[in-house]
K.L.:
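Pasting a structure below so you can have a look.
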Amino acid sequence: MSSPTPTPSQKPVIIVGAGLAGLVAAHELTLRNIPVLVLDQENRSNLGGQAFWSLGGLFCVNSAQQRRLGIKDSRELALRDWFGSAQFTDEPKDHWPRKWAQAFVDFATDELEDYVKNLGLGFLYNVGWAERGDGRADGHGNSVPRFHLTWGTGPEVVRIFKEPLERREQEGLVEFRFRHCVDELVVDEITGRAIGVRGRVLQEDDSPRGVKSSRVEVEKFEVFGSAVLVSSGGIGGNLEKVKKYWPTEKLGNMPKHFVIGVPAHVDGRMLDISAATGASVINRDRYWFYTEGLKNWNSIWPGHGIRVLPAPSSLWLDATGKRLPPFLFPGSDTLSTLKHISETGYAYSWFITNQTIIAREFALSGSEQNPDITGKSTWQVLMQRVFSKKGTTAVQNFIQYGEDFVVSQTSDLEELVKGMNELAAKTDDGGPPLDYAAIKEVVETRDGQFENTYSKDAQAMLIHNARTYFPDKMSRVAVPHRLLDPKYGPLIAVRLNLLTRKTLGGIETNLKSNAMRPDGTPFPGLYAAGEVAGFGGGGVHGVASLEGTFLGGCIFSGRAAGRGIAEELLGGAEASS
C-alpha cells in the first residue's frame, strides 16, 4: 500500500477511547500517514480496553478452519442465522443496523480471516459452537460452529494493532494522552462540524489494568482536530445506566443484583455527551448480559464477575428448583434464558452437575482465566482441557475458593441440596429454600433419559447432537451419563448470577461509521465505532448476538471509521490506496 502524504498543517484525527475499535481506526489512518491523537481516561496499562480481557473469539464464515473440520458454512446460512437472532423491525431505528448486519456478514465471509491473519493473528485448530440456538431453523442461534478462538486470546487481538501504532508513536504520527476524560464535543458554530473535545486531565494513577482509578481532576484541557471518532465503549460498568434503560417487556423484571463483567470505567458517558451534541443514539434498551456469572474470588474491579462458558450437559434449575424449559439449555439462548430467570423474581439460578461434566465442559471467560491459551502453551491446553479429570486450574480455583460452588464429596444429593439451601440463604436475594424431594424428582427424571442413546428429552438430544461434532466429542462435551452415577462424581451445584457485559445499542452510524443526526443526515466530522456505536450502525446485532461478533464488530466498525475518515480527508482515490 502506498502512503499518501498529509499536508504539514494537517490536524490530527482525535480518537476518544483507546479500546480495540479506536486502535483499529488509528491503524487504518496511520497506514495513510494521517496523524492521530488518542485520548483515554485510564492509564496506558489499559490500552486495548475490554478486548484485552476477552477470550478472543471471532465470528468467521466459511473459514479455512471450518473447512478443515468439515463444517459446511456459507454467507447465506450465516445471514439467515443473524437475521433470525436480530429480529430487526421496519422501524427507523433498525435501518442502519440492518445494513451493517449485511455488511458484517459479508466481511466475516470474505475478509475478516485474512485481515487479521495478515497482521499476525492465529486461531486454535478447534472452532467453537457458541449460542447453539432456540430449536428453530429460522430462530436464534448458530447453525454451525463459528467461534474462532484466538491463539493468545484477547491480548493477542490487541497486540496486532497496538504494536504497529506504538512504532508510529515513536515516529511522531500517533500521540496517546492518557488520563484525559472527555466531557464535551466541540462543534464549529458556522459549519456544524465536530472539530475537537474538551475535558479534564485526571490525577496520575498507576493502578493495574482494570482496577478502579482516581477521578481527581488536576486541570482542564481542550484539543482540536480534523475529525473526532468516539470509541469509548458501553455502559456495563454503570448499573444506574443499566437500570435506566432496562427493557422489562423484552428481558423481564429488572433484577435486583448483578455481578459486573467489565471495569468501572465502562460507564457510557460518551453516549450522553454525543447525544447532547446532536448525534442520534438509538436502541439503548438492547443488552447482551449473561446468566452464568460467578462472583470472582480474586476480584480486579468492583463486583467483578466471571462467566462460565458451559457446554450442554449440566441440569439447569431456577432459584425455586424448577428445571428450565426447552430450549433454555446451557450455551443455547442467552437472552431468552435471562428473561426466564428475571421473571422468577430472583437474580440467580442453579446448575446441578458433577466433576466429570465440569472437567470437560466448564470454561471461563477472560484472558486471565485461560493462561494456557493466552500464553500459547499447546502442552498446557492438552493437559488441562483434553486429558484432565479436574478441569483447568482456573476452574479448580473457583471450585476451591469461589463462593458459588457446593460440592458433595459423597455424591449424596440430599447433602448437596442442604448445601445449596445454606448458600441460598446467604444470597443478596435471600433466596427460597429448595425442597429435597422435588429436586430428587427432577434429577431422577432427567437421569432416566440417559439410560441409553434413545430419549425424548430435548437436552439429551442436544447433547447427542453436540457430540457428532468431533472436536466437541473429544474435548468439550462429556459422555452422556446419569448425574447420580457415582463414578462420574462428586456431585456439584453452582449458583449462577446474572452478569453485565455488552450493550447492543449506541450512536447511529452509516456504513462509513459517520455518526448520524436524529433527522437522518450525517453529522459532519463526527464518527463512532465499537460498542459505543452498537458495534456498528447503532445496533448491528439487533436484539441478540451470535457470539464472536463483539471483537469482530469492533474491528469492522473501527476499520470502517478509519477508512471513512481517510476518504473524507484525503479523497477517495488516495484513501483507498
Side-chain angles (χ1 to χ4, degrees), residues 13-17 20-22 24-26 28-29 32 34 79 82-83 86 88-108 110-112 185 187-188 191-195 225-232 234 270-271 273-275 277-284 286 503-542 549-550 552-573 575-576:
V13 174
I14 300 170
I15 297 179
V16 182
L20 179 59
V24 175
E28 290 288 336
L29 289 164
R32 296 156 177 83
I34 295 174
L79 193 63
W82 193 293
F83 277 73
F88 290 125
T89 68
D90 292 328
E91 298 177 51
K93 67 180 182 179
D94 280 332
H95 172 75
W96 284 113
R98 184 187 294 271
K99 289 181 178 293
W100 270 88
Q102 175 76 61
F104 181 83
V105 171
D106 287 342
F107 175 66
D110 300 327
E111 298 183 75
L112 175 56
L185 298 174
V187 177
D188 186 280
T191 65
R193 180 180 179 81
I195 57 172
S226 57
V228 178
L229 169 65
V230 178
S231 54
S232 54
M270 288 306 301
L271 286 167
I273 291 168
S274 299
T277 309
S280 174
V281 178
I282 58 176
N283 299 317
R284 296 191 72 163
R286 294 180 179 176
T503 41
L504 301 186
I507 299 172
E508 186 179 18
T509 60
N510 62 21
L511 291 178
K512 295 180 180 179
S513 288
N514 192 176
M516 306 300 290
R517 295 186 182 277
D519 64 3
T521 60
F523 194 132
L526 184 62
Y527 293 77
E531 189 174 355
V532 76
F535 301 94
V540 65
H541 298 93
T549 55
F550 301 123
C554 288
I555 291 171
F556 185 47
S557 61
R559 190 183 80 148
R563 294 182 176 185
I565 295 169
E567 180 179 340
E568 179 188 1
L569 299 181
L570 299 176
S576 61

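Below, each value reflects all heavy atoms present in this structure, side chains not excepted, and no hydrogens, waters or symmetry copies. Computed from a predicted model, the values in this text were never measured in an experiment.
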K.L.:
The criterion is side-chain contact (heavy atoms from CB on, under 4.5 Å); which residues satisfy it with Thr509, sequence neighbours excluded?
P.N.:
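Partners of Thr509 by the side-chain contact (heavy atoms from CB on, under 4.5 Å) criterion, ordered by chain and then number, come out as Trp100, Ile507, Ala528, Ala533.
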K.L.:
So which atom in Asn283 and which in Gly539 form the shortest heavy-atom distance, rounded to 0.1 Å?
P.N.:
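The answer is ND2-CA, 4.4 Å.
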K.L.:
Got a sec, which pairs hit side chain to side chain donor-acceptor pair (under 3.5 Å) with one end in residues 528-541, sequence neighbours left out?
P.N.:
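Residue pairs with at least one partner in residues 528-541: Thr503-Glu531, His541-Thr549.
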K.L.:
Please name the pair of heavy atoms, one in Trp82 and one in Ala101, separated by the smallest distance, quoted to 0.1 Å.
P.N.:
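Where Trp82 meets Ala101 most closely, the heavy atoms are NE1-CB, 3.5 Å.
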K.L.:
By side-chain hydrogen bond (donor to acceptor under 3.5 Å, both in side chains), which residues pair with Gln102, not counting sequence neighbours?
P.N.:
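Listed in chain order: nothing, the list is empty.
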K.L.:
Can you check side-chain contact (heavy atoms from CB on, under 4.5 Å) on Met516 and His95, steps first, answer last?
P.N.:
CA-CA 12 Å; Met516 306 300 290; His95 172 75; over 6 Å; no
K.L.:
Give a yes or no on whether Lys99 atom NZ has more than 12 heavy-atom contacts from other residues, nucleotides or ligands under 6.0 Å away.
P.N.:
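Open: at most 12 neighbouring heavy atoms sit under 6.0 Å from NZ of Lys99.
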K.L.:
Could you state the interatomic distance from CD1 (Ile195) to OG (Ser226), rounded to the nearest 0.5 Å?
P.N.:
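Interatomic distance, Ile195 CD1 to Ser226 OG, rounded to 0.5 Å: 11.5 Å.
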K.L.:
What is the distance from atom CG of Leu20 to atom CZ of Phe550, rounded to the nearest 0.5 Å?
P.N.:
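Going from CG on Leu20 over to CZ on Phe550, the span is 13.5 Å.
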K.L.:
Might you work through the side-chain contact (heavy atoms from CB on, under 4.5 Å) test for Trp96 and Ile282, ending with a clear yes or no?
P.N.:
CA-CA 10 Å; Trp96 284 113; Ile282 58 176; over 6 Å; no
K.L.:
What heavy-atom pair brings Gly278 and Pro518 nearest, and what distance separates the two atoms?
P.N.:
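Shortest heavy-atom separation between Gly278 and Pro518 comes out as O-CD, 3.3 Å.
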K.L.:
Just jot down the side-chain contact (heavy atoms from CB on, under 4.5 Å) partners of Ala561, sequence neighbours excluded, or say none.
P.N.:
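side-chain contact (heavy atoms from CB on, under 4.5 Å) check on Ala561 returns Ala25, Leu229, Ser513, Ala529.
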K.L.:
So which heavy atom on Gly542 is nearest to which on Leu504, and how close?
P.N.:
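Closest approach of Gly542 to Leu504: O-CD1, 3.8 Å.
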K.L.:
Nearest heavy-atom pair of Ile565 and Val13: which atoms, and what distance?
P.N.:
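So the minimum-distance heavy-atom pair works out to CG2-CG2, 3.7 Å.
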K.L.:
Could you give all pairs that pass the salt bridge (charged side-chain N to carboxylate O under 4.0 Å, His left out) test and reach residues 504-522, with sequence neighbours left out?
P.N.:
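Sorted result for residues 504-522: Lys512-Glu567.
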K.L.:
Does the Asn510 side chain pair with the main chain of Ala515, one donor and one acceptor, at a distance under 3.5 Å?
P.N.:
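No, Asn510 side chain to Ala515 backbone: no donor-acceptor pair under 3.5 Å.
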K.L.:
What residues form a side-chain contact (heavy atoms from CB on, under 4.5 Å) with Arg98, not counting sequence neighbours?
P.N.:
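Once residues adjacent in sequence are excluded, the partners of Arg98 under the side-chain contact (heavy atoms from CB on, under 4.5 Å) criterion are Phe83, Phe88, Asp90.
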K.L.:
Could you tell me which non-hydrogen atom of Ile15 sits nearest to which non-hydrogen atom of Gly22, and how far apart they are?
P.N.:
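The pair with the smallest heavy-atom distance is CD1-O, 3.6 Å.
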